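Note sheet for the following structure.
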Amino acid sequence: MTRDGDIPTIFNPRRSRAPSVLVTDEGVSNGPFTHADSVGSQQEATADQPLSPLTTKYKTCSDSLCSSSARKIYFGIWVTICVTASWVGATHCIKYLYIMKPVEYDEAMVLAPQDGAGVNVTAIHNHYIATYKAPFFTTWFVTNWTMLFFPLYFVSRLGSRRCESPSDILSESIRDFRDKGFTAGRFLTRCSLFCLLWVGTNYMYIRSLHILLATDVMALFATNISFVYLLSWVILHEQFVGIRIMAVILCDTGVALLAYMDGITGSPTLGGVVLATSAAAGSAVYKVLFKKVIGDATYGQVALFFSLIGMLNAALLWPLSLGLFLTGLETLHWDRLPWPALLAASALSLVANLLGNFSVALTYDLFITLGLITAVPVSAALDVVLYGAQFEGMKLAGMILIAVGFFLVMFPDNWPDYITRLLRWSRRNRHGVQGPHRRDVVDYRTGYIRSHLRSPSGRVR
């Protein structure tokens, strides 16, 4: 699989360039014309008219639009749209679970008129209460859906063109782990640790949605890309890039602005910002440790790993969810449980994770990562329409700083080279592509002809 640090691949796509002319014993086999050994064929090729500049330009443009790199970009745009839609949908469905619902209750009243005869009247009132406040149960339920990773991968491999038996697909995924030196006990221990890290990260993300708006949480979670770079630099010894350190500073400044946007006295905002930022840091730790412990994993390994995380979560953590419910730390009304929103959040979260892990086969990592930041303005529009939210002042400034830092982290390692090329290209187009041309000047005193190079500005060199 492609590494998380391989984001700059879109800036320098690998292309296999074949020579335009191949010389063999029989002559030139693949050039602008097809030549043979006979003189007559060479004369026919010479007699052919060359393509017009417009036709050549059109052919070159069509070839570039249909190249493999262009197809990856087209797929990448769709992947970004799908990641944005699924991420926004899952987050807002979880946020909907915490909204207070109206509950009707009857209140008996006795009206006493002037003649002394009482009349019994029942008044119906609407009372808004929190019917659902169970972030850990939500985390446990949503994580159970990751068990579908390997079955979906298994079915897709069976439906592919290559005819493979089910035993071959399963043995291939297990053999890859065995080749890396993992025993059964060691592998299950690693899976358990990653399961706890996964559940803890998602719990903090879901818990913060009870305090903050969905847009605030998503903007704070987008800072995980800066944490990934810092941890990759320290643990994985990635290349140091100064502009990414500046991006980390901008992201931290944005987090600080969001933390103090409502003040610090009697406001739960600071606690929500800490939870969302901790979720971003936990996600970065998960990614970097996966790279450190597992290494470069195949699609089968990733699918098997996620399915094991889901099974361990379902088998080991259900007593904790039950204990929180019985002790009253989490509120659940089974007769009013919002199953549609909970199922939609689980399905959309599964789609987002599938796209984030398997879309690398179709496009560049850059488009997958972009889905995290493009989801923020889409979520902001929903918050304005659904909840009448206002984005101004410190909140707006913090989100802008986080977005700027996000894009700076995604800069390639050799970004100065691309800026230099862009400046040279713009300068060449501004001054024209016409180079210095030769001009013959007759010296009438000596009778010799001298040649001068005249620049496009008219000055003789």
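These numbers come from a predicted model, not from an experiment.
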**OP:** Could you tell me which non-hydrogen atom of L209 sits nearest to which non-hydrogen atom of K95, and how far apart they are?
**Re:** O-NZ, 2.8 Å

Original post:
Rounded to the nearest 0.5 Å, what separation is found between the CG atom of N224 and the OG atom of S226?
Top reply: 7.5 Å

Original post:
Can you tell me if T363 uses its side chain to pair, donor with acceptor, with the backbone of K72 under 3.5 Å?
Top reply: yes

Original post:
Does any non-hydrogen side-chain atom of L289 lie less than 4.5 Å from one of I294?
Top reply: no

Original post:
What are the two closest heavy atoms between L348 and C93, and how far apart are they?
Top reply: CD1-SG, 4.5 Å

**OP:** Drop me the distance from Q301's CD to R175's CZ, to the nearest 0.5 angstrom.
**Re:** 10.5 Å

Subject >> Nearest atoms (heavy-atom pairs only) where S307 meets L148 >> reply: OG-C, 4.4 Å

**OP:** Flag the pair W140 / N202 as yes when at least one side-chain heavy-atom distance between them is below 4.5 Å, and no otherwise.
**Re:** no

Subject >> For F406 against T369, the heavy-atom pair lying closest together >> reply: CZ-O, 3.2 Å

**OP:** Begin with the C-alpha distance, continue with both residues' side-chain angles, and end with the deciding distance and a verdict on side chain to side chain contact (heavy atoms under 4.5 Å, CB included) for L170 and F150.
**Re:** CA-CA 9 Å; L170 182 60; F150 192 77; 3.8 Å; yes

**OP:** Return the minimal non-hydrogen interatomic distance between M218 and V88, and the atom names on each side.
**Re:** CE-CG2, 3.8 Å

Original post:
Would you say the side-chain atoms of S173 pair up with the backbone N or O of I169, donor to acceptor, closer than 3.5 Å?
Top reply: yes

Subject >> F141 atom CZ, neighbour heavy-atom count above 12 within 6.0 Å >> reply: yes

Original post:
Are there more than 12 heavy atoms of other residues, nucleotides or ligands under 6.0 Å from atom CE of M246?
Top reply: no

Subject >> Under 3.5 Å donor-acceptor, S359 side chain and G356 backbone >> reply: no

Original post:
Under 3.5 Å, side chain of D252 to main-chain N/O of I249, donor-acceptor pair present?
Top reply: no

Original post:
Does T91 reach the main-chain N or O of W87 with its side chain, forming a donor-acceptor pair under 3.5 Å?
Top reply: yes

**OP:** Report yes if some heavy atom in the side chain of N357 is under 4.5 Å from a heavy atom in the side chain of F306; otherwise report no.
**Re:** yes

Original post:
If you round to the nearest 0.5 Å, how far is CG of D216 from CG of D383?
Top reply: 7.5 Å

Original post:
Are K287 and S283 close enough that some pair of their side-chain heavy atoms sits under 4.5 Å apart?
Top reply: yes

**OP:** Over 60° means perpendicular and under 30° means parallel, so classify the ring planes of Y98 and Y132, tilted if in between.
**Re:** tilted

Subject >> Pairwise side-chain contact, F227 with V288, heavy-atom cut-off 4.5 Å (strictly under) >> reply: no

Original post:
Which heavy-atom pair separates A276 from L220 by the least distance, and what is that distance?
Top reply: CB-CD1, 3.6 Å

**OP:** Give the ring-plane orientation class for F187 versus F177, where under 30° counts as parallel, over 60° as perpendicular and anything between as tilted.
**Re:** tilted

Subject >> Test item: E330 side-chain N/O and F136 main-chain N/O as donor-acceptor pair under 3.5 Å >> reply: yes

Original post:
Short question: side chain of K133, backbone of L329 - any donor-acceptor pair under 3.5 Å?
Top reply: no

Original post:
Is L257 close to L401 at the side-chain level, that is, under 4.5 Å between some pair of heavy atoms?
Top reply: yes

**OP:** Using a 4.5 Å cut-off on heavy atoms from C-beta on, say whether the side chain of L372 contacts that of I225.
**Re:** no

Original post:
How many angstroms lie between atom NZ of K395 and atom CG of L258, to the nearest 0.5 angstrom?
Top reply: 8.0 Å

Original post:
Roughly how far apart are L320 CG and T139 OG1, rounded to 0.5 Å?
Top reply: 10.5 Å

Subject >> cation_pi(R207, Y203) dist<6.0 Å, angle<=45 >> reply: no

Original post:
Can you check whether F137 and F325 have ring centres sitting under 6.0 Å from each other?
Top reply: no

Original post:
In this structure, which one of F149, Y299, F290 forms a ring-ring contact (aromatic ring centres under 6.0 Å, His included) with F305?
Top reply: F290

Original post:
Given I73 and F367, is the side chain to side chain contact (heavy atoms under 4.5 Å, CB included) satisfied, shown in steps?
Top reply: CA-CA 8 Å; I73 293 176; F367 292 101; 4.0 Å; yes

Original post:
Does V83 have any side chain to side chain contact (heavy atoms under 4.5 Å, CB included) partners at least two apart in sequence or in another chain, and if so, which?
Top reply: V79, L355

**OP:** Starting from the C-alpha separation in whole Å, work towards a yes-or-no answer on side chain to side chain contact (heavy atoms under 4.5 Å, CB included) for E238 and R244.
**Re:** CA-CA 12 Å; E238 294 287 342; R244 292 181 181 173; over 6 Å; no

**OP:** Could you grab the distance from atom OG1 of T84 to atom CD1 of I373, nearest 0.5 Å is fine?
**Re:** 10.0 Å

Original post:
Can you tell me if OH on Y260 sees more than 12 non-hydrogen neighbours from other groups inside 6.0 Å?
Top reply: no

Original post:
How are the rings of Y229 and W233 set relative to one another: parallel (under 30°), tilted (30 to 60°) or perpendicular (over 60°)?
Top reply: parallel

Original post:
Do T143 and N313 meet the criterion of a side-chain donor-acceptor pair at a distance under 3.5 Å?
Top reply: no

**OP:** I would like to know whether Y286 and T201 meet side chain to side chain contact (heavy atoms under 4.5 Å, CB included); could you show each step before the answer?
**Re:** CA-CA 9 Å; Y286 179 91; T201 298; 5.5 Å; no

Original post:
Counting N and O atoms only, with roles assigned by atom type, does the side chain of S349 sit under 3.5 Å from a partner on the main chain of A345, one being a donor and the other an acceptor?
Top reply: no

Subject >> Side-chain (Y96) to main-chain (P338) donor-acceptor, under 3.5 angstrom >> reply: no

Original post:
Can you tell if the side chain of V376 reaches within under 4.5 Å of the side chain of T215, non-hydrogen atoms only?
Top reply: yes

